[in-house]
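Working notes, structure below.
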Amino acid sequence: MANRQVTKNPRMILLVDDHPLTRHGMAQLISGEPDLVVCGEAGNAERALESVRTHHPDLVLVDVTLPGKPGLELIKDLNSLFPEVLVLVVSMHDESLYAERALRAGARGYLMKSAGGEELIKAIRQVFAGQVYLSEKLASKMLNSLSGSRKQVPGVLSALSDREFEVFQLVGEGLTTNEIAARLHISGKTVETHRLHIRDKLQLKTPAELTKHAVRWAGSGSVL
């Protein structure tokens, strides 16, 4: 296969995702663009920060679910330590659940992995152009909120930390403590601690109440 032509001073991109196949797929897509280069990859937040220091990327593509430190916390760290580095979230999680949190953390856009390769390149270029990338559906929803066409009632879920919010969502999906621990690469004891903190913040007395609320929320997407 012939070597591709790379433009002078291409934009450097770091991929942060705990699935090697996902990183490989994104790298293949980006490699087809002459002015974009994948300068490194990382599977967790710690290695991501090391890679930013080493490779000096212009843009970091981040998943919100990472082993150890959550992706949203990584975005906050990147925004604080490397304010010149742009961040775009690329995640399997529904944008209606995480996009607003990601933007508040410092991301410049949120793309769901189901959007496809062309949309990934579009999102990258939009962020490099100084714009915020959101799907048309979510952008419309947020504009309606800002314009006051719909009253937004702040929910108590906003009191949850990013990791607690992840755990709450997974409880709502019916996962057990051990399954949540495996999904997030943390211990079962840590999951139980998060569940206890969630119950305290949501003023729920029993584990059964937590499960009931989480399942109801996951099914309706309503604000609690």
What verdict does the salt bridge (Lys or Arg N to Asp or Glu O under 4.0 Å) test give for D35 and R11, after you've listed the backbone C-alpha separation in whole Å, the side-chain angles of each residue and the deciding distance to 0.1 Å? CA-CA 6 Å; D35 57 334; R11 310 305 291 268; over 6 Å; no
One pair to check against side-chain contact (heavy atoms from CB on, under 4.5 Å): L61 and L59. What are the steps and the verdict? CA-CA 7 Å; L61 303 187; L59 172 67; 3.8 Å; yes
For the pair Q126 (side chain) and V132 (backbone), establish whether a donor and an acceptor sit closer than 3.5 Å, ignoring hydrogens and angles. yes
Here the pair of heavy atoms bringing L88 nearest to Y110 is CD1-N, 3.9 Å
Would you sort out whether K189 and E192 count as a salt bridge (Lys or Arg N to Asp or Glu O under 4.0 Å), showing the intermediate values? CA-CA 5 Å; K189 183 177 180 181; E192 287 298 331; over 6 Å; no
A side-chain contact here means heavy atoms from C-beta on lying under 4.5 Å apart; do I30 and I124 qualify? yes
Can you tell me how far CZ of F168 sits from CD1 of I180, rounded to the nearest 0.5 angstrom? 11.0 Å
Neighbour count above 12 (heavy atom, 6.0 Å) for H185 NE2: yes
For a side-chain contact (heavy atoms from CB on, under 4.5 Å) check, start with the C-alpha distance between I198 and V167, then their side-chain angles and the critical distance, and finish with the verdict. CA-CA 9 Å; I198 294 168; V167 171; 4.0 Å; yes
Go through V16 and L74 one step at a time and tell me if the side-chain contact (heavy atoms from CB on, under 4.5 Å) criterion holds. CA-CA 10 Å; V16 184; L74 171 60; 3.9 Å; yes
L81 and I75: same hydrophobic cluster, using ILVMFWY side-chain contacts below 4.5 Å? yes
Would you please say whether a donor-acceptor pair under 3.5 Å links the side chains of T193 and T190? no
Can you measure from OH (Y98) to CD (E166) and round to the nearest 0.5 angstrom? 4.0 Å
Heavy-atom side-chain proximity of L103 to L134 below 4.5 angstrom: yes
Examine distances only and state if a side-chain atom of K113 and a backbone atom of M92 form a donor-acceptor pair shorter than 3.5 Å. no
To the closest 0.5 Å, what do you measure between CG (L120) and CZ (R125)? 10.5 Å
Output the distance between atom CD (E33) and atom CD1 (I13), rounded to the nearest 0.5 Å. 9.0 Å
Assess R101 against F165: is NZ or CZ under 6.0 Å from the centre of the six-membered ring, and within 45 degrees of the ring's axis? yes
Identify the two heavy atoms, one from G130 and one from R108, that lie closest to each other, and give their separation to 0.1 Å. O-NH2, 3.2 Å
Contact between R163 and L184 at the side-chain level, heavy atoms closer than 4.5 Å - yes or no? yes
From OG1 (T177) to CD (E179), nearest 0.5 Å: 9.5 Å
Indicate yes or no: at least one non-hydrogen side-chain atom of L78 is less than 4.5 angstrom from one of V52. yes
S31 side-chain N/O to Q28 backbone N/O, donor-acceptor pair under 3.5 Å: yes
Between Q169, H93, R183, which is the residue that forms a side chain to side chain donor-acceptor pair (under 3.5 Å) with T65? H93
Considering non-hydrogen atoms only, spot the tightest contact between D63 and S91 and give its length. OD1-OG, 3.0 Å
Taking distance alone, no hydrogens or angles, what donor-acceptor pairs closer than 3.5 Å link side-chain atoms of residues 36-50 to residues at least two apart or in another chain?
from, atom 1, to, atom 2, distance (Å)
E41, OE1, R23, NE, 2.9
N44, OD1, E46, N, 3.3
N44, OD1, R47, N, 2.8

So, T22 side chain and D18 main chain: donor-acceptor pair closer than 3.5 Å or not? no
For T206, which residues count as a side-chain contact (heavy atoms from CB on, under 4.5 Å) partner, sequence neighbours excluded? A208, E209
Please report the closest heavy-atom contact between A102 and L72, naming both atoms and the distance. CA-CD2, 3.6 Å
Name the residue from R195, K201, H194 that meets the side chain to side chain donor-acceptor pair (under 3.5 Å) definition with E164. K201
Do you know the tightest heavy-atom contact between L204 and L210? CD1-CA, 3.6 Å
Roughly how far, to the nearest 0.5 Å, is the CD atom of E73 from the CG atom of D162? 5.0 Å
Kindly determine whether F82 and H56 satisfy side-chain contact (heavy atoms from CB on, under 4.5 Å), including the steps that lead there. CA-CA 9 Å; F82 310 100; H56 308 289; over 6 Å; no
